[in-house]
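Reading through the structure tokens given below for one structure.
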Amino acid sequence: MNYESLAKDIVALVGGEKNVKSLVHCATRLRFTLHDHAKANKTKLEHLNGVIAVKESGGQLQVVIGNMVPEVYQAIGKTSSILDDAKKSSASSSEEKKGNPFGRAIDIVASIFAPLLGVMAGAGILKGLLLIATNFNWLEQTDSTYVILFAASDALFYFLPVLLAVTTARKFEGNVFTAVTIAGALLYPSIIELTNAETSVGFFGIPVTLMTYSSTVIPIILSVIVMSKLEKLFNKFIHQSIKNFVTPLLLLVIMVPLTLIVFGPIGVNVGNAIADGLLAAFSFSPLIAGAILGASWQLLVIFGVHWGLVPVFINNVAVYGQDGIKPAATASVFAQTGAALGVFLKTKNKRLKALAGSSTITALFGITEPTVYGVTLPLKRPFIAGIIGGAVGGAIIGQAGTKAFASGAPGLLTLPIFYGPGGEGFFGLILGITASFVISCVLTYILGFKDPVDEEEQAAETPQQTTTEAIADEEILSPLEGKVVPLSEVNDPAFASEAMGKGIAIDPSSGRVVAPVNGKITVAFQTKHAIGLVSDQGAEILIHVGLDTVQLDGKHFSSYIKQGDEVKVGDLLVEFDIAKIKEAGYQTVTPIIITNTGNYQNVEPVQVESVHEQDTLLSLVAFESNKA
């Protein structure tokens with residue numbers, strides 16, 4: 001696959017570089033924060049070869065790529081300026097202020113942990129294999145081979161505060177090296193000696209409650225967040241000539257004691273309290289708790305809120321050496337895998353069969369997004385079958401008391417992380433994931449689903465039909481008065497590249513938008529800057545008043561329509577104040593786009609310098625084979 005070509009197409013279809021506030025990625029998704037979501041063409045994005053699905057959640061446009069997401073992300077960095085430090089800096093500061101608190105919290109957790117998931121899974125698998133080797137007496141813990149391999153598998157978890165300091169500092173735009181130094185202080189040998197000595201410790205008379213910080217999660221995250229805020233504050237007041245060393249000095253003097261006195265105990269106790277609460281649920285009824293988690297895990301993944309439990313899993317392994325919650329989530333993964341196999345066995349659609357087959361394989365190794373977004377969720381019944389299978393498997397695993405002894409995404413390769421001393425609970429895991437896989441597969445096959453008609457077979461059966469919907473030529477009248485501007489000259493790549501469809505633009509001389517056709521309003525944006533409508537003959541039209549004007553949040557606009565309204569040619573749709581919009585720093589050039597351009601043989605703009613309201617603006621030419 002040509003990653004750079006895919007990257008360019010994705011950037012164009014999300015509205016171009018200027019429409020992107022920020023971009024991060026997790027294990028399978030590109031997470032865009034956009035200025036104007038109306039500029040993103042989700043339909044065309046979903047049809048790109050290499051894109052599995054497109055979702056909007058937590059104020060982000062999430063483009064699901066799958067395993068290739070790091071390559072596509074890097075290609076975007078090579079082919080655009082989206083990942084430039086200056087742009088990321090200005091974007092993230094505004095991003096923190098917008099969106100609901102829950103969405104921001106999930107985004108923060110995802111940004112901090114996502115970069116570590118690959119190496120964390122690799123280290124977890126190695127640790128699991130070492131557990132198996134020692135249980136079967138293939139290796140002794142005193143062997144130098146074991147010592148070296150265990151160091152390789154455990155180093156990430158021991159020095160986890162240092163790694164989290166890096167990712168947290170990047171997220172909150174703090175100095176990475178200062179953050180790492182603070183984390184290093186928590187693990188410094190003399191601090192560890194004070195902890196082990198069990199003597200009273202004070203800092204200028206303030207009591208210090210020392211704890212073991214190796215493998216901890218919450219303390220360093222809290223510390224680096226506060227450090228990043230203080231760093232920005234100090235840099236405002238400290239002179240440019242000395243801030244490069246005075247700011248780090250102040251941060252170290254303040255944050256290391258503050259972390260040991262406040263954030264450390266709070267973070268450790270909060271993490272333990274959350275873990276204890278979840279463990280109590282499993283202790284009360286492991287069968288019910290396992291069933292709930294097995295059924296709901298993929299639902300949490302869909303909305304991206306599963307990140308809220310990831311720190312709990314990691315904290316349990318770090319603090320207790322094991323986690324009894326994560327195993328039940330494994331049933332959900334294998335349940336959706338079984339559902340995808342059921343689709344593969346039942347469907348007669350060639351494209352769906354190929355997608356279901358490939359996504360079944362990727363899901364077996366823990367990557368379920370292609371399966372869920374591409375196969376089971378769109379078909380509905382297979383997804384429900386997966387929930388049922390996940391509940392049964394989760395209940396079995398919960399009742400068996402299976403534990404995870406290392407971190408890693410649930411899948412075939414990471415099964416060794418669930419094999420602990422004596423193999424207790426491991427058989428229950430195998431039984432649970434097998435049950436979830438088989439039940440989901442069988443239920444999917446029995447319940448069935450609406451099988452998409454194969455396009456090639458449909459064409460063969462109905463040769464008189466075409467792939468287009470337009471059956472007649474149509475004239476689109478001008479919704480504004482002003483100077484005609486070719487779309488290629490519009491200062492916005494999403495419009496200029498015709499990624500959203502062909503059309504034309506008008507530099508308005510009057511602040512009025514009228515209906516260009518007889519038809520129906522399909523989209524009436526709350527920000528009033530854009531209108532979507534469909535003509536009685538099927539032309540889908542987008543009128544976007546100005547560039548980036550979504551940021552005005554409706555200011556200087558007045559709307560007279562709502563979604564679903566029937567309109568006639570010349571009906572007043574929107575009024576806007578040209579002068580005030582320009583004073584606010586925005587262009588008023590207005591693109592008029594035919595978003596279903598593919599339904600027409602040609603979209604021909606008028607060849608004139610200016611137009612009045614209701615002058616002919618675009619001529620839509622239908623395919624000859626469709627004309628009566």
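Just so you know, these numbers come straight off a predicted model, no measurement behind them. Basis for what follows: all heavy atoms, side chains included, without hydrogens, waters or symmetry-related copies.
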side-chain contact (heavy atoms from CB on, under 4.5 Å) partner of T616, the single match among V611, V606, V608
V606
List the steps and the verdict of side-chain contact (heavy atoms from CB on, under 4.5 Å) for F576 and T549.
CA-CA 11 Å; F576 56 98; T549 46; over 6 Å; no
Could you check if a side-chain atom of L23 sits within less than 4.5 angstrom of a side-chain atom of L30, using non-hydrogen atoms only?
yes
For K243, does the NZ atom have more than 12 heavy-atom neighbours from other residues, nucleotides or ligands under 6.0 Å away?
yes
How long is the gap from OG on S619 to CD on E474, to the nearest 0.5 Å?
10.0 Å
Reported CD-to-CD1 distance for the pair E583 and I578, which is rounded to 0.5 angstrom:
12.0 Å
Do T247 and T178 have side-chain heavy atoms sitting under 4.5 Å apart?
no
Close side-chain approach of V517 and D536, heavy atoms under 4.5 Å
no
Say whether, by atom type as modelled, one donor and one acceptor occur between the side chain of N596 and the main chain of N599 under 3.5 angstrom.
no
Tell me whether the count of non-hydrogen atoms from other residues, nucleotides or ligands lying under 6.0 Å of NZ in K44 goes above 12.
yes
Close side-chain approach of E231 to N175, heavy-atom, < 4.5 Å:
yes
Do the side-chain N and O atoms of E540 and T522 include a donor-acceptor pair separated by under 3.5 angstrom?
no
Going through the checks in order, is the side-chain contact (heavy atoms from CB on, under 4.5 Å) test met by K39 and H544?
CA-CA 9 Å; K39 289 184 180 180; H544 196 285; 3.9 Å; yes
Is it true that the side chains of T79 and E4 contain a donor and an acceptor less than 3.5 Å apart?
no
